[in-house]
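Bear in mind that the values here come from a model prediction, so they are computed numbers and not experimental data. No hydrogens, no waters, no symmetry mates; every other heavy atom, side chains included, goes into these values. Every chain is numbered from 1 and lettered A, B, ... according to where its sequence line falls, protein lines coming before strand lines.
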2 protein chains.
Amino acid sequence: MVKTQADTPTEERILAAARKVFIAHGLTGARMQEIADEAGINKALLHYYFRSKEKLFETILTETMQSFLPRINAIFTSELPVEEKIAAFCSEYIDKMLDNPFIPLFVVNEINNQPDDFFKKIWGGKKPDVGILVKQLEAAAKEKMIRPVSPVQLILNIMSMCVFPFVAKPMFQKVMGISDKQFRLLMEERKKEIPAFIMAALRR
Amino acid sequence: MVKTQADTPTEERILAAARKVFIAHGLTGARMQEIADEAGINKALLHYYFRSKEKLFETILTETMQSFLPRINAIFTSELPVEEKIAAFCSEYIDKMLDNPFIPLFVVNEINNQPDDFFKKIWGGKKPDVGILVKQLEAAAKEKMIRPVSPVQLILNIMSMCVFPFVAKPMFQKVMGISDKQFRLLMEERKKEIPAFIMAALRR
DNA sequence: ACTTTTGTTAACCATTTGGTTAAATCTATT
DNA sequence: AATAGATTTAACCAAATGGTTAACAAAAGT
């Protein structure tokens, strides 16, 4: 006899349901009852396994960020040449977001609601280190490989072009009248388009 | 005798307070009591002047969008040459957002929460028309003025670079350790930086 | 078999929240 | 001044929500 749902451990079912509901509605918007229903269990069990809404949320948040940050950090701190580093970053980042399109907006919102809590809980103090990239850019500019640029502005540009389309996904889809499938194709295209665009702007 | 607050009409005080609270917390997060307190009036007055929370919200939303869209639309549909059009758009858009840094995230969120309602109420059906810009880009590419580009990708790039820094403002400030004043300076810089970056990427 | 521990549930509770009401106060108008 | 109309307030209400409790079921020791 196959119990496709019932035999997965309760705790995992809760986490899966909580992720879904929290990402859809955020911390304040999410309802404990909806999480319970989604998991197919009694609401009291949520408090049995995780003490409170906040605790449950924190668990999801940590878990989510852990799936993002390490690889990004690895790329940033690697010694890849600038061009490859940018390409790797864009490709990796966009791939991750294609798997979880709602995460960027979710993260941005939570940072907005409790900036201090967020960073302590998630990054344990170690921000992504862009120091190496900055040095690489300065070196490349000195060797006349690229035009001199403000590293801060460039990093802002790269991040913006990668992340914003996901934050504004519903808006773009509505304005441009494109389906989920078409959106995904556009983003796949961007994995090469953005690095090409950036390098075209940098080369002298 | 000067009553700096008391002599502004009640309705205006409500609108000002509502804008502040709604923009800070969004539709669901905002509390009617907080709006009343902020306006220094009794909560029942909110329902006396505007029937419900939704109605009040809709008023603010419409008002807010009306301060954004017309000028943007004007630039988009104008016959300015590509380069100037892009420069004008960035400068205008960033200026608007510098005056209301919270609006982009606010708008993105509300679109996410009720995509259909939003567009009907706000745009009355007429989306910003990028048709002219697309034709200009194709023409410029044919005349070898710029490299051929996917207009959709380019527009995505422009919008992203202009808007995202405001959506992610708290995050950037935390990560890069910059003050409000410094952030403003960075954004002022971007009004020229972004068009320059884009044109450098486009020119052949 | 029985006792203890763990897992699960329905019913309940206190607080918050959008919204209402009836009485009070203020402002014209006659 | 008296009346009518608009404005404002305190008290109240019903629904929703995070959280608790006490009783019950299922495993796990013994």
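There is no side-chain donor-acceptor pair under 3.5 Å between Q153(B) and N157(B).
Minimum atom distance to the side chain of E54(A) is reached by dG19(D), of the listed dT8(D), dG19(D), dG19(C). Distance from the side chain of T10(A) is smallest for dT8(C) among the nucleotides dT9(D), dT8(C), dG19(D). Here the nucleotide nearest the side chain of K43(B), chosen from dG19(C), dT8(C), dT20(C), is dG19(C). Checked against dA10(C), dA10(D), dG19(C), the side chain of N42(B) finds its nearest nucleotide in dA10(D). When distances are taken from the side chain of Y48(A) to each of dA6(D), dT8(C), dT9(C), the shortest belongs to dT8(C).
At the heavy-atom level, A30(B) lies under 4.0 Å from the strands shown only through sugar-phosphate atoms.
At whole-Å resolution of the value, CE in M32(A) and C1' in dT16(C) are 16 Å apart. Rounded to an integer number of Å, the gap from F57(B) CZ to dG19(C) C1' is 19 Å. Counting to the nearest Å, the P atom of dT6(C) and the CG atom of L45(A) are 15 Å from each other. Remark: P of dG18(C) and NE2 of H25(B) are 12 Å apart, rounded to the nearest angstrom. Taking atom NE2 of H47(B) as the reference point, atom P of dG19(C) lies 4 Å away to the nearest angstrom. In this structure, CG of L46(B) is placed 14 Å from P of dT17(C), rounded to the nearest angstrom. A straight line from CD of E34(A) to C1' of dG18(D) spans 15 Å, rounded to a whole angstrom. Look at CD on E11(A): it is 9 Å from P on dG7(C), rounded to the nearest Å.
The side chain of R31(B) places an N or O atom within less than 4.0 Å of a non-bridging phosphate oxygen (OP1 or OP2) of dG18(C). In terms of phosphate contacts, Y49(A) brings no side-chain nitrogen or oxygen within less than 4.0 Å of OP1 or OP2 of dT6(C).
Residues V163(A) and V108(A) fail the side-chain proximity criterion, which asks for heavy atoms closer than 4.5 Å.
Taking for each of L27(A) and I41(B) the nucleotide of DNA chain D with the nearest heavy atom, the 5'-most of the two is the partner of I41(B).
Ring geometry for F89(A) versus F76(A): interplanar angle of 30 to 60°, hence tilted.
Checked against a 6.0 Å centroid threshold, the rings of F57(B) and F22(B) count as neighbours. In summary, the aromatic rings of F166(B) and F183(B) are positioned with their centroids under 6.0 Å apart.
Counting distance only, with no hydrogens placed and no angle test, the side-chain atoms of K53(A) and the base atoms of dG19(D) include no donor-acceptor pair under 3.5 Å.
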